Amino acid sequence: MSEPFSAAEARIAVTLPGGRTLNFPRPVSGSDIAAALGKSEAAVAISIDGKARDLSHLVEGDVEARLITRDEPEGLAILRHDAAHVMAEAVKELYPDTQVAFGPATETGFYYDFARAEPFTPEDLAKIEARMHEIVRRNEKITREVRDRGAAIAFFRGIGEEMKAEHIAEIPESEEVSLYRQGRFVDLCAGPHAPSTGALGEAFKLMSVAGAYWRGDPRNAQLQRIYGTLWAKKEELGQYLFRLAEAEKRDHRRLGRELELFHLQEEAAGSVFWHPKGWRLYRVIEGYMRGRLEKAGYFEVSGPQLLDRSLWVASGHWEKFREHMFTAESRDERVLALKPMNCPGHVLIFKSRLRSYRELPLRLAEFGACHRNEPSGALHGLLRVRAFTQDDAHIFCTEEQVASESIAFCELLLSVYRDFGFADVAIRFADRPTVRAGSDEVWDRAESALQEAIEATGLPYTKNPGEGAFYGPKLEFVLRDALAREWQCGTLQLDFVLPERLDANYVGADGARHRPVMLHRAILGSLERFIGVLIEHHAGHFPLWLAPVQVMVASISEESARYAGEVARACGDAGLRAELDTGSEKIGYKIREHSLLKVPVILVVGRREAETKRVMLRRLGSNVQEALALDEAVARLKAEAAIPQDA
RNA sequence: GCCCCGAUAGCUCAGCGGUAGAGCAACCGCUUCGUAAGCGGUAGGCCGUCUGUUCGAAUCAGACUCGGGGCACCA
């Protein structure tokens with residue numbers, strides 16, 4: 001490309017990604033640079049020496065610059081942020097008595113929080129969206145102004161935007177206070193923004209209204225949050241809406257009903273009614289886990305559901321976890337709590353007799369049924385319930401054993417996830433929360449021990465500050481499903497506090513009493529939640545070893561019904577979960593019916609198969625049939641349906 | 001728990017002041033059929049619960065329960 005300017009006055013060098021350098025007269029704006037590169041249309045902002053700026057930003061000296069365009073994630077985020085402003089402008093035009101609070105971009109769009117006495121209705125959303133399109137068509141210039149903070153506060157007070165004024169007071173002195181103006185709307189904002197509202201395009205849509213607390217604090221006023229989605233192109237918006245519709249189709253609550261797995265009803269809000277097929281699935285998973293744990297050196301135990309208040313006081317739960325606990329009273333008026341966690345029970349088993357260091361690490365596992373009194377608004381299908389069963393275990397060990405136990409646990413966990421079809425697992429390190437038990441010294445020790453342990457596994461992880469359990473720091477294992485959604489399931493928590501509080505100890509090689517360390521760990525987390533995730537991940541189409549009904553034998557007409565029975569029996573004898581359909585419907589109807597119920601294998605048998613002792617094997621999702629000898633089909637399916645026992 | 005929205009047959013939904021409708025499913029017949037919906041018929045609802053307004057409420061109002069989307073909380 002030829003150089004756009006040739007004058008000999010003061011010039012600056014702009015270095016682009018890849019090392020190419022352009023010379024411009026000083027000063028040069030981001031727009032000039034974009035124009036020089038022929039990218040005026042696509043550019044929404046510019047990165048100058050690593051900092052995102054408006055295109056109107058003037059460059060005064062030699063810099064490194066990179067255009068931010070609408071087709072890359074960073075540019076899209078800026079457009080989404082622009083959309084939040086445009087929405088706020090539309091709302092202020094339509095409902096001038098509204099105060100604006102906070103409006104960022106999100107992963108799929110944007111939102112803005114508003115304070116207004118009247119609730120926004122769905123009809124209001126339609127009006128706001130229409131007005132947004134109008135503002136985009138007006139193509140208002142978006143300009144940035146830096147203000148002295150006193151003046152800025154006075155300005156927002158003057159226009160009745162108290163929350164904005166309050167927000168300015170919190171901006172660190174080191175940062176400048178900038179205002180963005182478009183049409184008659186002025187917002188406090190760090191930027192950057194696209195040069196004009198026309199940049200938004202048309203690929204956006206307002207989605208919903210929700211309540212949200214001012215600064216996320218429930219003690220503050222509740223605002224109305226309007227969510228929207230925005231994409232670079234209309235097709236991408238369409239794809240996003242299509243993905244939402246697809247996600248709804250695999251919603252575990254819908255599939256739970258359609259596949260007859262479970263149901264929920266108000267008489268037991270937050271607890272699951274497992275139906276025969278769902279319970280079958282549950283038990284297969286439980287049995288699989290039991291096998292894995294036994295091989296990994298765990299001992300399964302089972303503790304009481306109701307334990308006396310005094311234990312919970314001693315463990316610290318009564319103080320830190322009281323509001324989540326269900327309580328009951330005995331005849332003699334003792335207060336008992338339905339266990340929300342299994343750990344105190346396991347400590348009591350550990351303490352039931354004198355323990356030797358030779359027994360460590362002692363791994364006590366339990367499919368522990370727990371109850372937590374979750375706030376009603378938190379309940380959500382199987383994913384958030386009040387009664388659930390954890391694949392829980394507590395490892396009592398010495399501090400020296402923490403690293404090796406952690407490594408072994410991580411290996412076990414990843415192998416289990418692989419068996420269930422989850423390959424993508426993220427690890428987060430969650431450190432001390434505000435509400436916690438134990439001294440800072442103990443937390444220092446626990447955090448560094450857990451940190452060493454995770455480093456020792458060699459697995460990548462990120463930090464999740466302040467999210468630890470009240471008794472110790474934890475690793476959270478987050479799996480990503482087929483729709484790239486994240487679910488926290490597994491956990492590994494290091495606890496110096498509970499053994500201390502419940503006075504657990506063992507006799508060491510030196511003959512003295514020592515305090516064991518406790519590792520709390522779960523792989524699936526709660527079986528309920530994990531099954532919910534599993535249903536959505538597989539869209540109800542489970543791998544053969546998990547499918548509640550593995551094989552459906554369907555006869556073509558009455559003359560093959562008898563042989564169909566034989567086939568079903570042969571499958572059952574081989575340990576397959578097989579069912580028989582000899583009804584009078586046509587075969588097409590049967591196939592449709594069992595396909596909708598997501599049975600992975602349908603064996604079709606008619607006169608030809610009966611005569612030759614064969615079956616016609618048909619897999620869910622395919623319309624290819626394979627003719628096989630009965631024996632061979634059964635042997636193959638049996639092998640395929642085997643429960644994975646070790647990777 | 002908080003904000004908004006919702007609750008009508010097993011499911012999906014229509015009806016929105018004059019006392020309940022469709023499709024699918026269910027059940028009963030007929031059909032015996034070769035790979036994702038054969039045909040006909042029957043039955044099925046205290047319109048989430050309670051209170052109020054009204055001559056009259058599925059329909060309007062209020063409260064409650066549960067559900068949904070969020071917030072906060074969290075496995």
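Here is the naming used below: chain letters follow the sequence lines, and residue numbers restart at 1 for every chain. Please read these numbers as outputs of a predicted model, since none were measured by experiment.
- Applying the Watson-Crick and G-U wobble criteria (two distances, each under 3.5 Å), B/U35 pairs with nothing in any strand.
- At a threshold of 4.0 angstrom between heavy atoms, the contacts of A/Arg607 include nucleobase atoms, whether or not backbone atoms are also involved.
- Annotation: B/G23 and B/U65 have their P atoms spaced 38 Å apart (nearest Å).
- Remark: P of B/G70 and CZ of A/Arg384 are 14 Å apart, rounded to the nearest angstrom.
- B/A22 sits 12 Å from B/U42 when the P atoms are compared, rounded to a whole Å.
- The cationic atom of A/Arg225 (NZ for Lys, CZ for Arg) lies less than 6.0 Å from the six-membered ring centre of A/Tyr111 and within 45° of the ring axis.
- As judged by a 4.0 angstrom heavy-atom cut-off over every strand, A/His324 is placed among residues touching the sugar-phosphate backbone only.
- You won't find any donor-acceptor pair under 3.5 Å spanning the side chain of A/Tyr213 and the base of B/G70, going by distance alone.
- Between the CE atom of A/Met325 and the C1' atom of B/C73 there is a distance of 17 Å, rounded to whole Å.
- Among the nucleotides B/A36, B/A75, B/C71, the one closest to any side-chain atom of A/Ser595 is B/A36.
- Set against B/A36, B/G34, B/A72, the side chain of A/Pro218 has B/A72 as its closest nucleotide.
- Rounded to whole Å, the P atom of B/A25 lies 9 Å from the corresponding atom of B/G38.
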Quick one: which protein N/O atoms are closer than 3.5 Å to N/O atoms of nucleotides 65-69 of chain B? Pair and distance per line, please.
unit_1, atom_1, unit_2, atom_2, d
B/U65, O2', A/Glu266, OE1, 2.6
B/G68, OP1, A/Arg253, NH1, 2.8
B/G69, OP1, A/Arg253, NH2, 3.3
B/G69, OP2, A/His380, ND1, 3.3

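- Spacing between atom CZ of A/Phe321 and atom P of B/C74 amounts to 8 Å, rounded to whole angstrom units.
- Only the C1' atoms considered, B/G62 is 37 Å distant from B/C24, to the nearest whole Å.
- Because its NZ or CZ atom is not both nearer than 6.0 Å to the ring centre of A/Phe420 and within 45° of the ring axis, A/Arg418 does not count as a cation-pi partner of that residue.
- For A/Tyr461, the ring pair (Phe, Tyr, Trp, His ring centres under 6.0 Å) criterion is met by no residue, not counting sequence neighbours.
- When heavy atoms are screened at a 4.0 angstrom cut-off, A/Glu609 is found touching base atoms of the nucleic acid.
- Remark: A/Tyr282 engages A/Trp274, A/Trp279 in a ring pair (Phe, Tyr, Trp, His ring centres under 6.0 Å) (not counting sequence neighbours).
- At whole-Å resolution of the value, NE2 in A/His317 and P in B/C74 are 14 Å apart.
- Of the two residues contacting RNA chain B, namely A/Arg225 and A/Pro119, the nearest-nucleotide position lying further toward the 5' end is that of A/Pro119.
- Pairing for B/U12 goes to B/A22, judged as Watson-Crick or G-U wobble with the two contacts each under 3.5 Å.
- When each of A/Glu559 and A/Ala469 is assigned the nucleotide of RNA chain B bearing its nearest heavy atom, the one mapping closer to the 5' terminus is A/Glu559.
- Residue contacts for A/Glu374: at a heavy-atom cut-off of 4.0 Å it reaches a base atom on one of the strands shown.
- Residues satisfying the side chain to side chain donor-acceptor pair (under 3.5 Å) test with A/Arg436, not counting sequence neighbours, are A/Asp440.
- Contacts of A/Leu459 classified as side chain to side chain contact (heavy atoms under 4.5 Å, CB included), with partners at least two apart in sequence or in another chain: A/Cys410, A/Leu414, A/Ile427, A/Thr457.
- Summarising the geometry, the separation between CD on A/Glu593 and C1' on B/A26 is reported as 12 Å, rounded to the nearest angstrom.
- Spacing between B/U8 and B/G45 at atom P, rounded to whole Å, works out to 15 Å.
- Counting to the nearest Å, the C1' atom of B/C24 and the CZ atom of A/Arg257 are 13 Å from each other.
- Cation-pi geometry between A/Arg116 and A/Tyr95 is satisfied (NZ or CZ under 6.0 Å from the ring centre, within 45° of the ring normal).
- Heavy-atom neighbours of A/Glu267 CD from other residues, nucleotides or ligands within 6.0 Å: above the threshold of 12.
- In this structure, B/G40 forms a base pair with B/C28, meeting either the Watson-Crick or the G-U wobble geometry with both donor-acceptor distances under 3.5 Å.
- Here B/U32 is the nucleotide among B/G1, B/C11, B/U32 with the atom lying nearest to any side-chain atom of A/Glu558.
- B/C71 and B/G15 have their C1' atoms separated by 35 Å, with the value rounded to a whole Å.
- Using bins of under 30°, 30° to 60° and over 60° for the plane-to-plane angle, the ring pair A/Phe321/A/Phe470 lands in the tilted bin.
- Comparing the same atom, C1', in B/A14 and in B/C50 gives a spacing of 27 Å after rounding to whole Å.
- With sequence neighbours excluded, no residue forms a ring pair (Phe, Tyr, Trp, His ring centres under 6.0 Å) with A/His541.
- Atom-to-atom, CE of A/Met616 to C1' of B/U35 comes out at 9 Å; the value is rounded to the nearest Å.
- A/Arg280 places a side-chain N or O within 3.5 Å of a backbone atom of A/Pro548 that can act as its donor or acceptor partner.
- When the P atom of B/G34 is taken as reference, atom OH of A/Tyr563 falls 19 Å away, rounded to whole Å.
- The partner of B/C71 is B/G1, by the rule that a Watson-Crick or G-U pair needs both atom distances under 3.5 Å.
- Qualifying ring pair (Phe, Tyr, Trp, His ring centres under 6.0 Å) partners for A/Phe102, counting only residues two or more places apart in sequence or in other chains: none.
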Taking only nitrogen or oxygen atoms into account, show me every contact under 3.5 Å that the protein makes with nucleotides 38-47 of chain B, one pair per line with its distance.
unit_1, atom_1, unit_2, atom_2, d
B/G38, N7, A/Glu585, OE1, 3.3

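- Of the nucleotides present, B/G48 is the one that pairs with B/C64 by Watson-Crick or G-U wobble criteria, both distances under 3.5 Å.
- At the heavy-atom level, A/Gln625 lies under 4.0 Å from base atoms of the strands shown.
- Side chain of A/Arg592, nearest nucleotide from B/G1, B/U32, B/A37: B/A37.
- Using atom P as the reference point in both B/A7 and B/A61, the two lie 12 Å apart (nearest Å).
- Applying the side chain to side chain contact (heavy atoms under 4.5 Å, CB included) criterion to A/Ala77, with sequence neighbours excluded, gives no partner residue.
- Within 4.0 Å of A/Ile587, counting heavy atoms only, lie sugar-phosphate atoms of the nucleic acid but no base atom.
- Across all strands shown, B/U53 forms no Watson-Crick or G-U wobble pair with both distances under 3.5 Å.
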